[in-house]
2 protein chains.
Amino acid sequence: MVTRGEVGVSDEKRDAILKAIDELDYRPNAMARGLVQRQTRILGIMVSDLQNPFFAAVVSGIQERAEERGFRVLITTGDRTPSVEESAIENLLELRVDGLILASPRADDDVIARAGRSVPVVVLNRDTSDDTSDSVTNDNLAGAHLAVEHLVSFGHRRIAFIEGGAGAGARIRHQGYLSAMHDFGLADEILTAEGRHTEEGGYRGAMDLLKLRDLPTAVFASNDLCAIGAMNAFEEAGLSIPEDVSLIGYDNNRMAALRHISLTTIDQPGDDMGRSAVDRLTERIDEDRTEPRHDVVAPSLVVRSTTGPPRFEAKS
Amino acid sequence: MVTRGEVGVSDEKRDAILKAIDELDYRPNAMARGLVQRQTRILGIMVSDLQNPFFAAVVSGIQERAEERGFRVLITTGDRTPSVEESAIENLLELRVDGLILASPRADDDVIARAGRSVPVVVLNRDTSDDTSDSVTNDNLAGAHLAVEHLVSFGHRRIAFIEGGAGAGARIRHQGYLSAMHDFGLADEILTAEGRHTEEGGYRGAMDLLKLRDLPTAVFASNDLCAIGAMNAFEEAGLSIPEDVSLIGYDNNRMAALRHISLTTIDQPGDDMGRSAVDRLTERIDEDRTEPRHDVVAPSLVVRSTTGPPRFEAKS
DNA sequence: ATGTCCTTTTGGAACGTTCCAGGTTGCAAT
DNA sequence: ATTGCAACCTGGAACGTTCCAAAAGGACAT
């Protein structure tokens, strides 16, 4: 009691207690407190892949806003594996976090739904079918459209896509690519290579493209890590970017911004999304909102040095 | 009881309980359990900077080994700020984690010592003066020596160092640079630029070097992030690497390995260090070791494309 | 003296588990 | 029948807090 409100305690007694705290280096037991208060003021966050620098931005946004709102944050990671994710989530739930943020989870829908039954959950960057939890996504459809549009504006027509496997938003970005190609009258040029949201995945996807007789003049990769992998593959094959092939990614993570990489990409404001996620959570925790809310943030194009006009003007 | 050992319970009763668990979606309360057992089987880990990909490797090593040893892991981050770190540590301590790993902490020594009084602590990559906690470091002195040696082997003499500010191991790497320069008879060529363990820091440090009349022929940056920042600065100034200036970093993080960056660097096995940290902790928790232990892992040279011979042979 | 009101102090109960002691069975051996 | 000994069940204490009700003390007016 002394350590918190401090009301209704005489001065002498308080001093005595504070001194004792110091001497014994006492520390309040959060478990005992949480048990009786039935809340912990802790937000749990499960990040699917700590290796992806995009999530560092997300976490930093979450952390900042959570602090403002009087919550602490505990992070757990799922190693891009559904089963590991599941136990990471379980872990946080057993600790009775007051809210849960799942950053690009790959876990099953019903795992997420089950979590949502015990505690407010917000899912980041994955379109969740169930309506028990909130979500914060960027408009992957619009983002993919922006990417294609940018390439088209340079005169590209043969624009390939390296997809992102089970990665967050991967499917929708692919859809966005497909529909944009249609919109620009390039349905015949549609070409999708298999990939992943890792460098390795991008490398493989690009390798597959390199086997084709006619290389596309531009490539849109499902995320930045993937784009960087593709970049490696193209360079290894002796191609120069953007002269021989233009390349665009998605996320705008720190690596993309490195002057040496300087990847043209679609910006997804990770820190903002993290902040929104915390807001959605605190609305449910402190202000008992109950109807689900699905936020969509607008992506934007960041032009750097990996895109340019195709080497030969289209002649038709 | 049913959810754990399952001994001494009749079959019918167990089935009834398991069914009830499922229906109510009950989840054991880790706080209540922790309270009575006086242990949580949770390892707390405080990472000074989630933005640095080196720590992703450390965390992944920790996670892997902790799982093997039957511990769960909770991550917290300090945002490179001592005060934030301190409250992150406090947070974990109030939750009564069974052990604490501090990855490159910038917090004050006495904060760490205080934590060490309540729970086993292992400090990663920082030479801790107090002997209440264990440490796992890489041999920064030897690593720095390797870096200088490599540059000297190409014939470089004017080798500058961009230091890492308050970053982990920064001071010792600087010492290593100084002593290596002495060892190779290059004491007169010693040149240190101010820097940080961030890209920004490296950029600034390199900018300072660029102001000199005589640019050094090689630069050793205190970590990879810093080296990448320096890389940007040099390229912006129209210099090519390694023809005009050789560059070597420290850590061997994922960015350094990107084919596009391809930074020569000193490898510090982050995942191994994470695993060792967990081992040190479990020795104290489960096997009551009490004498402090300080592990030092050997760094190694990774030659990539940012180092080469100086443009003009030294004539003397 | 008695009563009222205010501030401070004291003493449980409760939170959801684990752990242990003591009970209650059932069954075989005496 | 009695004893012994499993196997199983039951009940209560404990963990370290918070929260609330009740008690104790003062100050002041009647």
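A, B, ... follow the sequence lines: proteins, then strands. Residue 1 opens every chain. All figures in this text were calculated on a predicted structure; none of them were measured in a lab. Just so you know, these numbers use all the heavy atoms, side chains as well, and skip hydrogens, waters and symmetry mates.
Atom P of nucleotide dT17(C) and atom CZ of Arg27(B) are separated by 12 Å, given to the nearest angstrom. In this structure, the CG atom of Leu95(A) is 13 Å from the P atom of dT17(C), given to the nearest Å. Nucleotide dT17(D) holds its P atom 12 Å from the CG atom of Leu35(A), rounded to whole Å. Taking atom CG of Asn29(A) as the reference point, atom P of dT17(C) lies 16 Å away to the nearest angstrom. The distance between atom CE of Met31(B) and atom P of dT18(C), rounded to the nearest whole Å, is 13 Å. Distance Arg33(B) CZ to dC19(C) C1': 13 Å, rounded to the nearest Å. The distance from atom CD of Glu94(A) to atom P of dT18(C) is 10 Å, rounded to the nearest whole Å.
Neither side chain, Asp49(A) nor His197(A), offers a donor N or O lying under 3.5 Å from an acceptor on the other. The closest side-chain donor-acceptor pair between Arg117(B) and Thr132(B), if any, does not fall under 3.5 angstrom.
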Is there any protein nitrogen or oxygen under 3.5 Å from a nitrogen or oxygen in nucleotides 11-13 of chain C, and what are the pairs?
none

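Dashed line: the shortest gap from a side-chain N or O of Arg38(A) to OP1 or OP2 of dG16(C) is under 4.0 Å. For the pair Gln37(A) and dC15(C), the criterion of a side-chain N or O lying under 4.0 Å from OP1 or OP2 is not met.
Between Tyr250(A) and the choices Asn223(A), Asn138(A), Asp224(A), the side chain to side chain donor-acceptor pair (under 3.5 Å) rule is met once, by Asn138(A). Each of Asp98(A), Asp286(A), Asp279(A) was evaluated against Arg69(A); a single residue qualifies, Asp279(A), per the salt bridge (charged side-chain N to carboxylate O under 4.0 Å, His left out) test. Checked against Gln268(A) for a side chain to side chain contact (heavy atoms under 4.5 Å, CB included), the options Asn253(A), Asp139(A), Asp251(A) give a single hit: Asp251(A).
End-to-end axis angle of the helix from dA1(C)-dT30(D) to dT30(C)-dA1(D), using five pairs per end and rounding to 10°, comes to 70°.
Not a single donor-acceptor pair under 3.5 Å links the side chain of Asp108(B) to the backbone N or O of Asp110(B).
With salt bridges taken as basic N to acidic carboxylate O contacts below 4.0 Å, one links Arg254(A) and Glu199(B).
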query: Passes side-chain contact (heavy atoms from CB on, under 4.5 Å), Ile45(B) versus Leu74(B)? Steps please.
result: CA-CA 6 Å; Ile45(B) 125 161; Leu74(B) 248 24; over 6 Å; no
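In this structure, Glu283(A) places its CD atom where more than 12 heavy-atom neighbours from other residues, nucleotides or ligands lie under 6.0 Å away.
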